[in-house]
Amino acid sequence: MRAARKIGNKQAEVHISGAETICERKDIDRTASGFIHRALTHPRGWPDRIIVTIEQLYEPPLLVPMLPVRTADTSDPKQALQMVLDTLLRLDVSRRAAVNAIKVITAKRQMRGAAIIDASSGKRCEPDRLRGVRVSRLGVDANARSSLARMLSRRGINTETVREALTLASKVAAHPSIIAEVCISDDPDYTTGYVAAPSVGYLRIPNMKLMGSSHGGRVFFLKPGADVEKMIEYLERKAVLMEIRNPQPRT
Ligand code: WAQ
Ligand code: MG
């Protein structure tokens, strides 16, 4: 689903809401109306168009492991962005690439999808810089749903926002050409973001922005020299379900 509203001249539009999932045939009605409801009640405002696309999958989804979940204790945007920077620099991300990513996720103008940044040069690599790359065809494996809900409930974060972001981050981190991801929600009332990478897990970072601000975004850091087209094909087209492979620590 994607929802948007025209602004000013005919071409420009502001992104309101997007969502994607994988479900069984019997759940299509319920899932689609849930997404439409989300578009109609979104804190980013009233859309003047909602587009719902429903496609049959012709091959079984790939199963990828859920990233382990951790939460940092940052209390303001300065601390939070410093934590983002420090975490990225400990991975194979250059300072230039990290700084460029922070510019993208704190910029006024919203993208519908994610920016892709070369982890070494810091250059943007996605073909459409205004739109970005939209990760699609992802969901939670039926066998993992109840333990996922239990694990998140124990931490008081069993929300659709967290489940969807964790699923997306787990799909993205499973690709060998992606070193790390950073994200801030574009919802004005949601200020927790995250950095994710196989070695870091899904590191939730509170207070990435001030309450009420509508900026946000996502960046994927590309391994230098990796095949960007293949990677985008995986993100946009490959059906992936997140599963829970190792017992989660009881924190
Ligand atoms: N693929 C690529 N980029 C996306 C996608 C997608 N499927 N969905 C959203 N984005 C980009 C887009 O630029 C949005 O503006 C931005 O990410 C933020 O999207 O554990 O809700 O859906 O508490 O607002 C983090 C949860 C929530 C942290 C993130 O992102 C936690 C969130 P939103
Ligand atoms: Mg949003």
Side-chain angles (χ1 to χ4, degrees), residues 15 18 62 64-72 74 77-138 165-186 192-205 207-209 215-238 240 242:
H15 168 72
L62 175 74
V64 304
M66 179 181 76
L67 290 170
V69 178
R70 297 192 292 147
T71 303
T74 46
K78 186 163 176 269
Q79 248 184 32
L81 292 172
Q82 189 62 48
M83 161 87 60
V84 169
L85 192 63
D86 293 345
T87 309
L88 292 173
L89 293 181
R90 266 185 268 119
L91 300 165
D92 270 332
V93 176
S94 70
R95 181 171 290 271
R96 177 182 294 183
V99 167
N100 286 353
I102 289 175
K103 279 188 198 146
V104 169
I105 59 176
T106 55
K108 271 237 167 72
R109 193 168 158 40
Q110 248 42 75
M111 295 164 65
R112 244 173 78 200
I116 299 173
I117 290 183
D118 182 296
S120 165
S121 70
K123 292 218 173 85
R124 294 279 288 273
C125 314
E126 74 274 19
D128 182 343
R129 282 226 210 166
L130 286 180
R131 175 184 180 273
V133 169
R134 188 87 200 174
V135 185
S136 193
R137 304 194 177 181
L138 70 171
L166 176 59
T167 307
L168 187 147
S170 297
K171 175 174 179 179
V172 170
H175 197 279
S177 302
I178 299 176
I179 293 179
E181 174 189 355
V182 58
C183 167
I184 303 184
S185 170
D186 56 13
T192 303
Y194 67 84
V195 173
S199 62
V200 171
Y202 177 80
L203 175 61
R204 307 178 61 243
I205 305 183
N207 300 300
M208 288 266 257
K209 63 178 187 182
H215 69 261
R218 272 193 164 87
V219 174
F220 306 142
F221 293 95
L222 184 71
K223 215 174 245 180
D227 186 331
V228 67
E229 271 170 37
K230 274 207 186 124
M231 197 265 287
I232 293 175
E233 167 81 16
Y234 167 82
L235 295 176
E236 294 186 334
R237 312 291 301 171
K238 181 74 189 169
V240 166
M242 176 178 84

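In this text, all values refer to a predicted model and were calculated from it rather than measured experimentally.
The main-chain N or O of Gly122 is found under 3.5 Å from a side-chain atom of Asn100 such that the two form a donor-acceptor pair. The backbone N or O of Val200 lies less than 3.5 Å from a partner atom in the side chain of Arg70, making a donor-acceptor pair. Under the 3.5 Å distance criterion, the side-chain polar atoms of Arg124 are left unmatched by any main-chain donor or acceptor of Ile116. The main-chain N or O of Val135 is never found under 3.5 Å from a side-chain atom of Lys171 such that the two would form a donor-acceptor pair. A donor-acceptor contact shorter than 3.5 Å is absent between the side chain of Lys238 and the backbone of Glu233. The backbone N or O of Ser177 sits nowhere less than 3.5 Å from a side-chain atom of Lys230 that would complete a donor-acceptor pair. Between the Lys209 side chain and the His215 main chain, a donor and an acceptor come within less than 3.5 Å of each other. Here the side chain of Gln110 pairs a donor or acceptor atom with the backbone of Gly216 at under 3.5 angstrom. With hydrogens and angles ignored, the 3.5 Å screen pairs a side-chain donor or acceptor of Ser94 with a backbone N or O of Ser120.
Here the CZ-NE2 distance, from Arg109 to His15, works out to 11.5 Å after rounding to the nearest 0.5 Å. Atom OG1 of residue Thr192 and atom CD1 of residue Ile205 lie 10.0 Å apart, to the nearest 0.5 angstrom. For the atom pair Gln79 CD and Asp86 CG, the distance stands at 11.0 Å (nearest 0.5 Å). Interatomic distance, CZ of Arg112 versus CG of Asp128, reported as 8.5 Å (0.5 Å rounding). To the nearest 0.5 Å, atoms CG (Asn207) and CE (Met83) are separated by 11.5 Å.
Counting heavy atoms from C-beta on, the side chains of Glu126 and Met111 come closer than 4.5 Å. Using a 4.5 Å heavy-atom threshold, the side chains of Thr106 and Met208 count as separate. Glu181 has its side chain within reach of Leu168: a pair of non-hydrogen atoms, C-beta onward, lies under 4.5 Å apart. Contact check for Phe220 versus Val172: side-chain heavy atoms found under the 4.5 Å cut-off. Under the 4.5 Å side-chain criterion, counting only non-hydrogen atoms from C-beta, Cys183 is not in contact with Ile105. Put simply, the side chain of Leu81 does not reach to within 4.5 Å of the side chain of Thr74, judged on heavy atoms. Side-chain atoms of Leu166 and Tyr194, non-hydrogen and from C-beta on, never get closer than 4.5 Å to each other. Looking at heavy atoms from C-beta onward, Leu88 lies out of side-chain contact with Arg95 at the 4.5 angstrom threshold.
Nearest approach of Leu85 to Ala98, heavy atoms of both residues: CD1-CB, 3.6 Å. Closest heavy-atom contact between Val104 and Ala115: CG1-CB, 4.1 Å. Residues Ser170 and Leu67 share a closest heavy-atom pair of OG-N, 3.1 Å.
Just one of Val84, Val93, Val219 meets the side-chain contact (heavy atoms from CB on, under 4.5 Å) condition when paired with Val195; it is Val84.
Within a 6.0 Å sphere centred on CZ of Arg131, heavy atoms belonging to other residues, nucleotides or ligands number more than 12. Counting heavy-atom neighbours within 6.0 Å of Arg134 CZ, excluding the residue itself, gives a total above 12.
When only modelled atom types and interatomic distance are considered, Arg137 and Tyr234 share no side-chain donor-acceptor pair under 3.5 Å.
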